[in-house]
Amino acid sequence: MTKIAKTSPESVRTVACIGAGVIGGGWVAHFLGRGYQVVAWDPAPDAEQKLRSLVDSAWPALERLGLAEGASKDNLTVAPTLAEAVAGADFVQESAPERLDLKADLLAEIDAALPEGVVVGSSTSGYSMSEMQVKAADPSRLVVGHPFNPPYLVPLVEVVGGEKSEQWAVDWASEFYRLAGKSVITMDQELPGFIGNRIQEAAWREALHMVAEGEATVAQIDQAMTDGPGLRWAFHGPCTTFHLAGGEGGMAHMLDHFGPSLKAPWTRLEAPELTTELRDRMVEQTDEVVDGRSTAELIAQRDRRMIAIMRALEEVEREEAAERGEGQA
Ligand SMILES: NC(=O)C1=CN([C@@H]2O[C@H](COP(=O)(O)OP(=O)(O)OC[C@H]3O[C@@H](n4cnc5c(N)ncnc54)[C@H](O)[C@@H]3O)[C@@H](O)[C@H]2O)C=CC1
Ligand SMILES: C[N+](C)(C)CC(=O)CC(=O)[O-]
């Protein structure tokens with residue numbers, strides 16, 4: 001039976017954050033900065049003190065980004081019990097430790113204490129909601145809302161339901177996160193690691209291969225990313241970046257030119273077969289992303305944005321050096 005949401009995403013006033021560590025605390029800071037009332041709960045004895053100090057340290061960044069009207073650290077309440085934390089919530093963000101048994105029990109407990117029609121988003125990094133919602137009496141309102149660290153700065157949230165989630169809950173959560181200032185990807189199907197983690201875990205696996213084999217150091221790997229592809233990925237992503245690697249021939253030329261190197265020993269991962277279908281799909285989807293922008297236009301955009309990021313990083317490094325009393329950097 002399709003349930004009715006207790007409130008519209010636009011009318012949300014109070015968000016409950018369950019689990020207040022690195023990610024739960026980051027969510028608390030984000031929601032406070034966007035002007036919501038936040039009620040947090042975490043079973044650790046020192047949780048409140050740690051949470052308030054995380055919010056204090058995040059606040060200057062939130063002020064620089066621009067606080068929503070009415071945003072205040074005073075809008076945070078730490079509840080003594082889970083049931084009290086969720087009783088008046090219009091939305092719940094679960095950020096407990098990444099253990100399947102714990103998540104399944106906790107989501108069932110949240111569901112049992114929560115008013116009908118209130119959606120719950122889980123911060124899980126990789127479990128599917130189908131695995132986690134098995135113990136809940138009403139699994140229809142449980143969805144994944146996977147953030148990136150820190151949630152008060154990195155915009156992306158990946159939203160996906162499980163087998164027993166209902167579409168209204170997925171749509172409701174997607175709209176709520178969007179209104180709360182996030183960049184939302186609503187996924188049509190469950191995928192281990194979602195999209196962002198699947199991509200970065202591939203890079204991570206290669207980094208670990210190289211360190212394990214003594215082929216590269218951690219410093220070299222980090223430098224290779226921050227001074228190389230990482231700069232471009234901040235605005236073009238890996239597909240548009242490689243579209244430009246094909247010059248005027250774009251993605252089609254790049255795949256025809258460099259496709260065979262997928263079989264070269266550059267990676268310890270199994271490379272997919274570069275079938276005609278895969279080639280054509282890549283070209284077609286890249287064309288959609290490029291959306292008619294010319295190579296010259298994309299290059300100009302790439303160069304301006306890359307310089308902007310480099311200047312911004314330099315400015316921050318100068319500020320940090322000055323704060324350390326090192327004068328002109
Ligand atoms: N650390 C990261 O970079 C990211 C983590 N995540 C996800 O966020 C979730 C939380 O991870 P972190 O914040 O990194 O872990 P964390 O260890 O920093 O925080 C977990 C918090 O949950 C509390 N907790 C323990 N048992 C609990 C229970 N039964 N109910 C409620 N809270 C409980 C702990 O006291 C702790 O404060 C995980 O699902 C993780 O996969 C998602 C994106 C990034
Ligand atoms: C390390 N991690 C798998 C928990 C990372 C994430 O899930 C997302 C992120 O912040 O990179």
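Basis for what follows: all heavy atoms, side chains included, without hydrogens, waters or symmetry-related copies. Quick caveat: nothing in here was measured; it's all calculated off a predicted structure. Numbering of ligands and ligand atoms starts at 1, following listing order.
- For Phe148 and Phe194, the gap between ring centers reaches or exceeds 6.0 Å.
- For ligand 2, the atoms closer than 4.0 angstrom to any heavy atom of Glu201 are 3 (C).
- Using a 4.0 Å cut-off between heavy atoms, Ile23 contacts ligand 1 through both its backbone and its side chain.
- The pair Arg281-Glu277 meets the salt-bridge criterion, with a side-chain N (NZ, NE, NH1 or NH2) lying under 4.0 Å from an Asp/Glu carboxylate O.
- Criterion: ILVMFWY side-chain heavy atoms under 4.5 Å apart, direct or through other members. Under it, Trp204 and Ile199 are not part of a common hydrophobic cluster.
- In terms of protein heavy atoms, atom 38 (C) of ligand 1 is closest to Ala96 O, 3.2 Å.
- Looking at Val154 against ligand 2, nothing comes within 4.0 Å, counting heavy atoms.
- Here the protein heavy atom with the shortest distance to atom 28 (C) of ligand 1 is Pro43 CG, 3.9 Å.
- Contacts between Lys103 and ligand 1, counted as non-hydrogen atom pairs separated by less than 4.0 Å, involve the side chain only.
- The distance from ligand 2 to the heavy atoms of Asn197 drops below 4.0 Å at these ligand atoms: 3 (C), 5 (C), 6 (C), 7 (O), 8 (C).
- Glu98 does not count as a contact of ligand 2, since none of its heavy atoms falls under 4.0 Å from the ligand.
- Taking only nitrogen or oxygen atoms, main chain and side chain alike, Gln200 reaches within less than 3.5 Å of ligand 2.
- Interface of Asn149 with ligand 1, defined as ligand atoms under 4.0 Å from a residue heavy atom, comprises 3 (O).
- The protein non-hydrogen atom at the shortest distance from atom 43 (C) of ligand 1 is Pro147 O, 3.3 Å.
- Of the listed options Ser123, Gly126, Gly21, Ser123 places a heavy atom closest to atom 42 (C) of ligand 1.
- Within 4.0 Å of atom 17 (O) of ligand 1, not a single protein heavy atom is present.
- Considering backbone and side-chain atoms alike, Glu98 places an N or O below 3.5 Å from some N or O of ligand 1.
- Here's the thing with Trp41: none of its N/O atoms is less than 3.5 angstrom from an N/O atom of ligand 1.
- Between the side chains of His209 and Glu215, not a single donor N or O lies within less than 3.5 Å of an accepting N or O.
- Among Leu102, Asp105, Leu54, the residue whose heavy atom lies closest to atom 29 (N) of ligand 1 is Leu102.
- Proximity annotation for atom 4 (C) of ligand 2: of Gly193, Gly26, Ser123, Ser125, Ser125 comes nearest, heavy atoms only.
- Using 4.0 Å as the threshold, Lys50 has no heavy atom nearer than that to any atom of ligand 1.
- Within 6.0 Å of CD in Glu213 there are more than 12 heavy atoms belonging to other residues, nucleotides or ligands.
- For atom 1 (C) of ligand 2, no protein heavy-atom neighbour is present inside the 4.0 Å cut-off.
- In Ala47, neither the side chain nor the backbone holds a heavy atom less than 4.0 Å from any atom of ligand 1.
- Between Phe91 and Phe31, the angle of the ring planes goes over 60°, which puts this pair in the perpendicular group of the 30/60° scheme.
- The protein heavy-atom contact nearest to atom 6 (N) of ligand 1 is Ser125 OG, 3.3 Å.
- For ligand 1 and Leu106, the ligand atoms under 4.0 Å from any heavy atom of the residue are 30 (N), 31 (C).
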